[in-house]
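Letters go in sequence order (proteins before strands), and every chain restarts at 1.
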Amino acid sequence: MTQGINLNNFFSDYIKRESIFKDKKILQSNYDPETIIHRDNEIKQLADILAPCLKNEKPSNLFVYGKTGTGKTCVIKHIITEIEKISLQNSLNLKFIYLNCKLKRTADTEYRVIAQICRALGKEIPITGLPTEEVYNTFHSILESEHRNVILVLDEIDELVKKIGDDILYNLTRINTELKNSQLVLIGISNNIMFVDTLDPRVKSSLSEEELLFNSYNALQLQDILKKRALFALRDNNIDSGVIEKCAAYAAREHGDARRAIELLRVSAELADRANSGKILLSHLDEAQDKIEKERVIEITKSQPRQHQLVLFSILSLCPNNEKNIFTGEAYELYMKLCSKINLRPLTQRRVSDVISELDMLGVVNAKVISKGRYGRTREINLNLSKELLQETRKLLESSLDIKTSSLSNL
DNA sequence: CGAGATTCATGTGAAGTATACCTTTAGGCTTAA
DNA sequence: AAGCCTAAAGGTATACTTCACATGAATCTCGTA
């Protein structure tokens, strides 16, 4: 037992060591800052629009759009909490419900969205089996019996409508006209600016009684945001010069995504902390870039169902060095072989085609439909992952699917 | 040589099926009066 | 007779399959200069 580290020493050192963080949660993505900068206009407008609910009047439905990380969700959640505080003080029966419609198997169908709403109101709804109509009725009766005013925030609403159509929005707006004792206010959030125009005119007019656009942050604004957060989250003087600036620049390049900028800073800090460097250096920032991307892909990969994992594994195996494009047919062929190897009932090519486009939407692969002229039409699939990450993901899938690499060579 | 027809590989929409889950209902059993 | 349990019947949402048709540019075909 002469080898190995001395855990006792390690832990006592660890405790003695001063962390870079003062209050880490301020840099975490679910943190709701007390004051939001560079969004005064939006906050003011939103407050104006929503304020009537404090007098028991119905605020207008609202449609909010802007790119990811422009503070839409953040501002809305912020205002929500403020209003909730006041409504509590004045014992108004006001309830906010926030749903992200992009969440797979949670809020991505009409049934699931309404079911989630009911659950948020304290009523358990089974995952399947009930008629959707029935769930609407439950929702309706909860509202009527409790005299509640509900403000429903549907985030990434464009994804939902793209998938299942705008009936759900029509139904939701219609519910309001049938309510006697309660009100339902809809707030739709979308990353896609053109989204409203694709809606049925009836839905459009009632959903976007008010509209609010969030512009992207520029690099300077991002810097302000980062500095402010860093001030509360980190100990003094432990950020190397230029780090904040570069961090903001990276994020500004990605259409001014503040969430990304903050995440970048947090992960950099974590890395610096772990390396016991005492200061966040530019090198940590670069490292953090990779780490974030890596974790994103790994996280998505892990959470996929088996079938999706195997499809992804096939794709990864076909271009191990990330140098060539592959086509649906090739991927499917390998997928079929792998299915029989690991004893999994294969899906049809029709389905796999959809699976591939789902993987594309998740951003793990790029799949573009192209025509190869005489040689047909197909999806051109490629990966924009680093070699290293690609290998890592492949290994992960290999063990999770229990595929023996040795058995692959003779395919 | 060039316009229009053909071709290929698979995208894509619609309708059907399997599965897992739900409520309702009817029958059978128990129990208390 | 009332109450309770159970199992069958009848219904739904979702993931997937089956079927059939749509796509669109490279290639082929054939009339024409």
Checklist entry - Hey, does A/Pro346 have a side-chain heavy atom less than 4.5 Å from the side chain of A/Met336? => result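 A/Met336 reaches A/Pro346 side chain to side chain.
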Next on the checklist: Is the shortest side-chain heavy-atom distance between A/Asp286 and A/Lys246 below 4.5 Å?
Outcome noted: yes
Checklist entry - Would you say B/dT19 has OP1 or OP2 under 4.0 Å from some side-chain N or O of A/Arg345? => result no
Checklist entry - What are the residues of residues 104-119 of chain A, sorted by number, that bring a heavy atom to within less than 4.0 Å of DNA chain C? => result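 Listed by number, they are A/Arg105, A/Thr109, A/Tyr111, A/Arg112.
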Checklist entry - Has the side chain of A/Gln307 got a donor or acceptor atom that lies under 3.5 Å from a matching backbone atom of A/Arg345? => result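 Present.
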Next on the checklist: Tell me if a side-chain donor or acceptor on A/His308 pairs with a main-chain N or O of A/Pro305 at a distance below 3.5 Å.
Outcome noted: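 No; judged by distance alone, with no hydrogens or angles, the pair does not exist.
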Item to check | Selected nucleotide, minimal atom distance to A/Thr128 side chain, candidates B/dT12, B/dA20, B/dC22 | outcome: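 Of the candidates, B/dA20 comes closest.
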Next on the checklist: Side chain of A/Arg350, heavy atoms from C-beta onward: which of B/dT7, B/dG11, B/dG13 has the nearest atom to it?
Outcome noted: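 The listed nucleotide nearest to A/Arg350's side chain is B/dG13.
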Checklist entry - Taking all non-hydrogen atoms of both residues, which atom of A/Ile244 and which atom of A/Leu226 are closest, and how far apart? => result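 Looking at all heavy atoms of both residues, the closest pair is O-CD1, 3.8 Å.
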Checklist outcome for this item: Scanning both residues in full, the closest heavy-atom pair of A/Leu310 with A/Cys339 reads CD2-SG, 3.6 Å
Quick one: [X] [atom1] to [N] [atom2], roughly how many Å, whole number?
X	N	atom1	atom2	value
A/Met336	B/dT10	CE	P	13 Å
A/Arg377	B/dG13	CZ	P	11 Å
A/Gln349	B/dG13	CD	P	16 Å
A/Ile164	B/dA14	CD1	P	16 Å
A/Asp354	B/dG11	CG	C1'	10 Å
A/Ile326	B/dT10	CD1	C1'	15 Å
A/Glu358	B/dT12	CD	P	13 Å
A/Asp360	B/dG11	CG	C1'	14 Å

Checklist entry - Mapping A/Lys372 and A/Ile127 onto DNA chain B by nearest heavy atom, which one lands closer to the 5' end? => result A/Lys372
Next on the checklist: If you assign each of A/Arg379 and A/Arg374 to its closest nucleotide in DNA chain B, which residue comes earlier from the 5' end?
Outcome noted: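 Upstream on the strand: A/Arg374.
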Item to check | Cationic tip of A/Lys123 above A/Phe139 ring, under 6.0 Å, 45° of axis | outcome: no
Checklist entry - When you list every nucleotide of DNA chain C with an atom under 4.0 Å from a heavy atom of chain A, which one comes first 5' to 3', and which comes last? => result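 The contacted stretch runs from C/dG11 to C/dC28.
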Checklist entry - Picking from A/Thr173, A/Leu172, A/Thr177, what satisfies side-chain contact (heavy atoms from CB on, under 4.5 Å) with A/Ser206? => result A/Thr173
Scan [X] against the nucleic acid and name what it touches under 4.0 Å (heavy atoms): base, sugar-phosphate only, or nothing.
X	answer
A/Thr132	sugar-phosphate
A/Pro305	nothing
A/Thr348	base

Next on the checklist: Measuring centre to centre across the rings, with the benzene-like ring taken for any Trp, is A/Tyr335 within less than 6.0 Å of A/Tyr332?
Outcome noted: yes
Checklist entry - Do A/Tyr65 and A/Phe63 have their ring centres less than 6.0 Å from each other? => result yes
Checklist outcome for this item: The residue, A/Ser371 or A/Leu347, whose nearest nucleotide of DNA chain C is more 5′ is A/Leu347
